[in-house]
Amino acid sequence: MQRVQPLILMIDDNIADIELTREALREVDFRIELESVRDGFDALAYLRRQGHYANSRRPNLIFMDLNMPRMDGRETLLMLKAQDDICDIPVIVFSTSESPLDVRESYRNHAAAFVTKPVTIEELIEKLRAIHTLWLTGSAVQSLQQLTGVMGY
């Protein structure tokens with residue numbers, strides 16, 4: 001049986017951030033597929049396989065921005081985690097926000113991680129490597145330390 005390529009769903013209204021993430025993911029692991037939607041409404045339709053998302057694949061991981069039009073990441077996270085059939089998909093908040101309130105609220109609402117969007121592509125690749133190892137290959141403790149800078153548990 002052929003193994004299915006890992007799939008990440010990126011929920012972000014910034015096309016440049018999506019394309020930069022796509023480029024950086026190619027550096028990390030060319031087999032990772034990245035699908036994107038522009039807001040929470042489209043994300044829910046994608047995950048429920050509604051409308052033109054009827055043939056969408058279930059993602060292994062979700063990257064989500066907080067600040068988006070129509071339905072922002074905060075509301076989207078609450079809705080995702082309230083639905084039994086999709087609540088187990090890890091959601092990594094990927095935002096420019098560095099607000100302690102945003103971080104606390106995201107974790108309180110069951111985000112798997114909160115990552116501040118890096119400024120350079122090199123930093124993005126480094127963070128995506130840690131995410132890849134932690135969420136898509138399994139070496140959790142080392143990757144979590146690299147991602148968060150926390151060195152002990």
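- Counting heavy atoms from C-beta outward, R70 and D42 have side chains that approach closer than 4.5 Å.
- Residue pairs meeting the side chain to side chain donor-acceptor pair (under 3.5 Å) criterion with at least one member in residues 76-87, sequence neighbours excluded: R48-Q83.
- Proximity of N67 to R74: side-chain heavy atoms (C-beta onward) are separated by under 4.5 Å at one or more points.
- By the 4.5 Å heavy-atom criterion applied to side chains, E126 and P118 are not counted as neighbours.
- In this structure, the side chain of E123 engages the main chain of V119 through a donor-acceptor pair within 3.5 Å.
- Each of D65, T116, D102 was compared with S97 under the side chain to side chain donor-acceptor pair (under 3.5 Å) criterion, and only D102 meets it.
- In this structure the side chain of D12 never reaches within 4.5 angstrom of the side chain of T21, judged on heavy atoms.
- For the pair Y107 (side chain) and F114 (backbone), a donor-acceptor distance under 3.5 Å is present.
- For the pair V115 and K127, the tightest heavy-atom approach, listed with the atom from each and the gap, is CG1-CD, 3.5 Å.
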Report task. Go through the steps for C87 and H110 under the test side chain to side chain contact (heavy atoms under 4.5 Å, CB included), then give the verdict. Result -> CA-CA 9 Å; C87 67; H110 307 288; over 6 Å; no

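- For the side chain to side chain donor-acceptor pair (under 3.5 Å) test with R57, the passing option among E35, Q5, E33 is E33; the others fail.
- For the pair D39/D13, no side-chain contact is recorded, criterion being any heavy-atom separation below 4.5 Å from C-beta on.
- The backbone N or O of S56 lies less than 3.5 Å from a partner atom in the side chain of R49, making a donor-acceptor pair.
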